[in-house]
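Some notes on the structure that comes next.
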Amino acid sequence: MYPSIRSVAPLVWALLAPAFAHAQSQPSVDCRKAFSTPDIGVCAQRDFDAADARLNGAYQTLQASIDKSDIPADAKADWRKALVEAQRRWIAFRDAECIVTGFEWYGGSGRSAAELSCKTGLTDARTKQLRAHTDPK
């Protein structure tokens with residue numbers, strides 16, 4: 001008979017807690033000098049988080065521009081619905097595409113950073129697309 005999840009949970013936490021604590025202590029990494037795989041991973045995560053924040057800002061700006069547009073209310077609702085659907089599908093594409101990139105690093109310690117770097121690049125490109133929809137001039 002196998003042990004229950006409740007009986008092994010404390011053991012799992014005991015094994016993972018030091019790694020979690022280490023990950024929490026990493027924000028002091030100087031990304032200009034990052035050399036180790038863990039430090040590069042921290043910096044890749046920071047870059048992605050910043051790109052994601054820019055994307056969210058562009059998305060919110062576009063949502064606000066829909067509200068301010070001169071088109072009829074039903075068209076605004078359709079535009080908003082189309083935008084939400086496009087964004088959901090784009091996120092699914094980005095994540096799947098970057099998993100493909102990760103397989104180029106299969107078995108390597110840089111796989112996570114490579115996937116994050118891919119997501120950062122695609123997120124930056126999507127941010128530009130959303131900004132172009134906001135101000136098409």
Residues K76 and D67: closest non-hydrogen pair is NZ-O, 2.9 Å
In this structure, OG1 of T123 is separated from CG of D47 (nearest 0.5 Å) by 11.5 Å
| query | Within the distance-only criterion (no hydrogens, no angle test), does the side chain of T120 pair as donor or acceptor with the backbone N or O of L116 below 3.5 angstrom? | reply | yes
Heavy-atom closest pair (A58 atom, L130 atom, distance to 0.1 Å) is CB-CB, 4.1 Å
Output for pair (R94 CZ, E115 CD), nearest 0.5 Å, gives 11.5 Å
If two hydrophobic side chains count as joined below 4.5 Å and joins carry through other members, does I99 share a cluster with W105? no
Verdict with supporting geometry, Q87 and L55, side chain to side chain contact (heavy atoms under 4.5 Å, CB included)
CA-CA 11 Å; Q87 194 64 9; L55 176 70; 3.7 Å; yes
Rounded to the nearest 0.5 Å, the CD1 atom of I66 sits from the NZ atom of K81 at a distance of 14.0 Å
Indicate if V84 and F93 have the same hydrophobic cluster label, given that clusters are the connected sets of ILVMFWY residues with side-chain heavy-atom separations under 4.5 angstrom.
yes
dist D124:CG -> Q129:CD (nearest 0.5 Å) comes out at 11.5 Å
Here the pair of heavy atoms bringing A113 nearest to G41 is CB-CA, 4.4 Å
Derivation and outcome, salt bridge (Lys or Arg N to Asp or Glu O under 4.0 Å), residues R89 and E85: CA-CA 6 Å; R89 288 179 183 213; E85 183 63 21; 2.6 Å; yes
inquiry  = Main chain of A114, side chain of S117: is a donor-acceptor contact present, judged purely on distance under 3.5 Å?
reply    = no
**OP:** Compute whether any side-chain donor of one residue and acceptor of the other, for Q60 and N56, lie under 3.5 angstrom apart.
**Re:** no
Next item on the list: Check whether any side-chain heavy atom of R131 lies under 4.5 Å from a side-chain heavy atom of T61, and answer yes or no.
Entry: no
| message | Would you say F48 ends up clustered with W90 if hydrophobic residues are merged whenever their side chains have heavy atoms under 4.5 Å apart, either directly or through other cluster members? | response | no
What one should report as the nearest heavy-atom pair of T127 and A51 is OG1-O, 4.2 Å
